[in-house]
Amino acid sequence: MSVVEEIRAELEKALAHSLQASRECGLIKIDQAPEITVEVPREKDHGDFATNLAMLLARPARMAPRRVAEILAQNFSAGTWVERVEIAGPGFVNFYLKPGWVYLSLPRIVSQGARYGSVDNGRGSKVQVEFVSANPTGLLHMGNARGAALGDSIAAILKFAGYDVTREFYINDAGNQIENFADSLEARYLQLAGQDIPVPEDGYHGEDIMATCISFREKHGDSYTEVAEKDRRSALVAFALEEKLESIKNVLSDFGVDYDVWFSEQSLHDAGAVQDTLEFLREKGCVYEREGALWFKATDFGVDKDEVLVRSNGLPTYFASDIAYHRNKLQRGFAWAIDVWGADHHGHVPRMKAAIKALGYDPAVLEVVIMQLVRLYKGGEIVRMSKRSGQFVTLEDLIEEVGRDAARYFFIMRSADSHLDFDLDLARSESNENPVYYIQYAHARICSIMRQLEEQGGQMPDPGSIDYSLLIEEYELALARKLADFPGEVTAAAAGLAPQRIARYLHELAGLLHSFYNSHRVIIPEKDISAARLVLVEATRITLKNGLGLLGINAPERM
RNA sequence: GCGCCUGUAGCUCAGCUGGAUAGAGCGUCUGACUACGGAUCAGAAGGUCGGGGGUUCGAAUCUUCCCAGGCGCGCCA
């Protein structure tokens with residue numbers, strides 16, 4: 001438990017006692033005690049902690065809130081750290097603590113090191129985060145990039161919050177778009193062999209398709225012009241998928257994203273899992289036939305329309321294999337399955353939840369994070385991206401132009417809900433003013449202090465034997481206070497699947513470090529103060545590094 | 001037409017699930033020590049939280065109705 005949590009719990013307990021005492025002596029008459037919560041006020045002047053308990057009691061007790069607050073304050077017995085209790089505003093009870101409490105966490109941070117900030121909300125329960133899952137028929141675009149940054153950070157945060165996390169990429173290597181893919185590959189291949197075959201209008205027109213066919217031809221020559229169409233297509237598709245997947249893996253890895261599982265859709269078909277699932281739904285009475293197709297009765301589960309599972313041509317839809325895939329996830333024992341999807345798929349959410357219910361699971365095990373689309377600006381104009389026109393900026397381009405750290409921070413600092421305008425020129429031209437450098441610079445600055453210390457023959461003092469009461473400057477208190485918040489931020493970010501909270505937290509923490517740095521020196525002749533400050537900045541360095549790690553961003557020692 | 005997301009400073013966005021005087025960055029303006037790294041710091045200006053009603057001690061946050069933008073509503077994925 002973090003220092004903040006410990007004190008909060010202590011105050012809540014003391015308040016409960018105060019309320020109990022007030023009821024026993026008849027000063028407050030209520031039937032049932034409300035839930036007691038102690039929060040951290042936004043305004044520093046309102047104390048270190050505060051409670052709205054008096055306002056909640058006012059109505060049931062039929063008393064003025066400030067009067068209730070007075071009674072609560074009178075019966076309140078202060079613990080170790082409470083200096084004074086005040087009543088303010090409409091009836092808040094504010095707790096002012098002795099300044100030293102903020103330094104309690106410093107020795108802990110240093111001794112916990114890379115583990116500082118980790119919490120155990122998950123208690124080891126199995127959670128899967130599935131993200132990107134782009135069609136392996138093309139390159140990764142800006143939407144995939146956002147999904148990669150978001151999904152990977154969510155996974156990292158959940159892991160830090162005590163969950164047993166699996167990162168998974170679902171490969172859509174079956175179905176319609178593969179046929180479509182084959183059409184385009186075949187056309188390009190035959191074109192290279194001198195035949196005049198156009199790429200279908202709704203096919204893949206990107207240059208990468210041509211490049212794939214060129215390397216295929218380098219290996220196999222024109223030999224596949226002679227074989228049966230079916231064999232030619234399957235050879236081309238197999239070759240292209242392997243090449244594409246390899247390149248996707250590499251680019252994502254360059255972006256700092258590494259998966260535990262690459263799951264093939266085709267493998268579900270091969271194992272008969274799609275048929276099994278359809279059979280299961282049939283036995284449950286959740287399907288029916290109409291106009292030659294097999295339908296899922298989504299309307300039985302509160303969805304406004306039924307959905308086709310098997311087309312009248314006998315081929316299962318994407319929805320059918322997706323149900324089988326999610327069934328497979330749940331059979332693997334995940335207590336929580338998180339999918340990161342683009343907003344253009346949001347209509348799929350209620351259907352999928354209905355299907356999970358039909359399979360006999362609680363739909364709440366599936367949580368879909370919908371991220372709004374990325375709009376790309378270049379030269380002040382929107383860049384329309386489409387696979388058909390072959391015009392788009394890839395993740396690879398992005399890493400090259402903006403850099404991995406800045407790109408990841410840019411995606412993470414905004415909530416998934418926000419529509420993201422990504423101005424390439426801005427990201428490029430002003431990359432030195434990107435907030436991510438501000439945070440990294442704070443880390444590098446501390447490392448520089450440590451190098452100075454070493455050069456002067458100094459040593460990092462033992463955090464357990466420091467007189468922290470020497471740290472009386474405003475910025476020292478503020479910095480230490482912020483450090484103590486980190487575990488709470490991790491908890492909140494995990495609960496809300498909200499990596500942007502960590503990004504904001506780090507930015508604020510870096511700001512406090514810079515302010516402190518500009519007004520006070522760490523290495524000074526006064527040994528005791530210097531030692532306390534060394535621990536303070538070392539704790540800051542650790543926290544910055546741990547936080548940046550959750551976002552997949554480097555914490556450089558020099559810049 | 002129905003559904004989901006969004007609307008907060010000139011621009012890009014936060015706002016801890018209902019708290020007290022709404023915050024950052026960029027941009028603009030004024031300043032900073034020959035210094036452990038100036039990719040920094042201190043300060044100023046800038047707001048009817050899209051608009052109207054409602055809920056209550058208290059609303060940017062919940063609710064409802066408008067307005068504006070994005071995305072969905074296929075036997076595509």
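These numbers come from a predicted model, not from an experiment. Below, each value reflects all heavy atoms present in this structure, side chains not excepted, and no hydrogens, waters or symmetry copies. Numbered from 1 within each chain, the chains take letters A, B, ... in sequence-line order.
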**Q.** Closest-nucleotide ordering on RNA chain B, the 5'-leading residue of A:D421 and A:E557
**A.** A:D421
Q | B:A42 and B:C49, which share atom name C1', separated by this distance in whole Å | A | 29 Å
Q: Can you label the angle between the A:H348 ring and the A:F319 ring as parallel, tilted or perpendicular, going by 30° and 60°?
A: perpendicular
Q: Using the P atom on both, measure B:A68 against B:G54 and round to a whole Å.
A: 24 Å
(Q) So, OP1 or OP2 of B:A14: does either fall under 4.0 Å of a side-chain N or O from A:S418? (A) yes
Q. Has A:Y475 got a side-chain N or O lying under 4.0 Å from the OP1 or OP2 atom of B:A42?
A. yes
**Q.** Closest listed nucleotide, where the reference is the side chain of A:N518 and the choices are B:A77, B:U40, B:C71
**A.** B:U40
Q: Record whether the side chain of A:H346 comes under 3.5 Å of the base of B:G3 through a donor-acceptor pair of N or O atoms.
A: yes
Q. Within the pair A:T317 and B:A77, is there a side-chain N or O less than 4.0 Å away from OP1 or OP2?
A. no
**Q.** Value in whole Å for how far the P atom of B:C5 lies from NE2 of A:H348
**A.** 18 Å
Q | Donor-acceptor pair present, A:H419 side chain and B:C5 base, under 3.5 Å | A | yes
Q: Just call it for A:R59: base, sugar-phosphate, or nothing, with non-hydrogen atoms closer than 4.0 Å on any strand.
A: sugar-phosphate
(Q) Can you check the distance between B:U55 and B:U63, where both ends of the measurement are the P atom (answer in whole Å)? (A) 16 Å
Q: Among the candidates B:A77, B:C13, B:G37, find the nucleotide nearest to the side-chain atoms of A:Q177.
A: B:A77
Q. Would A:Q500 and A:Y505 count as a side-chain hydrogen bond (donor to acceptor under 3.5 Å, both in side chains) if you check the C-alpha gap in whole Å, the side-chain angles of each, and the deciding distance to 0.1 Å?
A. CA-CA 8 Å; A:Q500 78 274 7; A:Y505 171 81; over 6 Å; no
(Q) With a 4.0 Å limit, can you tell me whether A:Y441 has a side-chain N or O closer than that to the phosphate oxygens OP1/OP2 of B:A39? (A) yes
Q) Is there a side-chain polar atom (N or O) of A:Y438 under 4.0 Å from OP1 or OP2 of B:C41? A) yes
Q. How would you list, by chain and number, every residue that makes a ring pair (Phe, Tyr, Trp, His ring centres under 6.0 Å) with A:F95, sequence neighbours excluded?
A. A:F76
Q: Please state how far atom NZ in A:K482 lies from atom C1' in B:G23, giving the value in whole angstrom units.
A: 12 Å
Q) Which of these nucleotides, B:C13, B:C75, B:A77, is closest to any side-chain atom of A:A293? A) B:C75
Q) Should A:K305 be listed as having a side-chain N or O under 4.0 Å from OP1 or OP2 of B:G3? A) no
Q. Is there a donor and acceptor pair, one atom on the side chain of A:H507 and one on the base of B:A14, closer than 3.5 Å?
A. no
Q) Looking across every strand, which nucleic acid part, if any, lies under 4.0 Å from A:R445 by heavy atom: base, sugar-phosphate, or nothing? A) sugar-phosphate
Q: Both distances under 3.5 Å, Watson-Crick or G-U wobble: report the partner of B:C57, or none.
A: B:G19
Q | Check against salt bridge (charged side-chain N to carboxylate O under 4.0 Å, His left out), A:E130 and A:K329 | A | CA-CA 10 Å; A:E130 183 221 319; A:K329 290 186 183 189; 2.8 Å; yes
(Q) Using the side-chain heavy atoms of A:L373, tell me which of these nucleotides is nearest: B:C71, B:C36, B:C75. (A) B:C71
Q.
Taking the nucleotide of RNA chain B with the nearest heavy atom to each, does A:S515 or A:R351 sit closer to the 5' end?
A. A:S515
Q: Between B:G70, B:A77, B:G38, spot the one nearest the side chain of A:Y517, thanks.
A: B:G38
Q.
Let's go through A:I446 and A:L513 carefully: what are the C-alpha distance in whole Å and the side-chain angles of both, what is the deciding distance for side-chain contact (heavy atoms from CB on, under 4.5 Å) to 0.1 Å, and is it a yes or a no?
A. CA-CA 9 Å; A:I446 298 169; A:L513 185 276; 3.9 Å; yes
Q.
For the P atoms, the ones on B:G46 and on B:A9, what distance do you get once it is rounded to whole angstrom?
A. 14 Å
Q) Within the modelled atom types, does a donor on one side and an acceptor on the other bring the side chain of A:S312 and the base of B:C75 under 3.5 Å apart? A) yes
Q) Which glycosidic conformation, syn or anti, is assigned to B:U17 if syn requires a torsion within 90° of zero? A) syn
(Q) Quick one: does any side-chain atom of A:N313 pair with a main-chain N or O of A:L315 as donor and acceptor, under 3.5 Å? (A) yes
Q: Anything under 30° is parallel, anything over 60° is perpendicular, the rest tilted; go ahead and classify A:Y288 against A:W295.
A: parallel
Q: Determine whether the aromatic ring centres of A:Y96 and A:F49 lie less than 6.0 Å apart.
A: no
**Q.** Closest listed nucleotide, where the reference is the side chain of A:V522 and the choices are B:C36, B:C41, B:C13
**A.** B:C36
Q. Of the nucleotides B:C41, B:C71, B:G37, which one has an atom closest to the side chain of A:H514?
A. B:C41
Q) Is the A:F160 ring parallel, tilted or perpendicular to the A:F486 ring (thresholds 30°, 60°)? A) tilted
Q | Per-nucleotide protein contact string for nucleotides 15-21 of chain B (B base, S sugar-phosphate only, - none; heavy atom under 4.0 Å) | A | SB--BBS
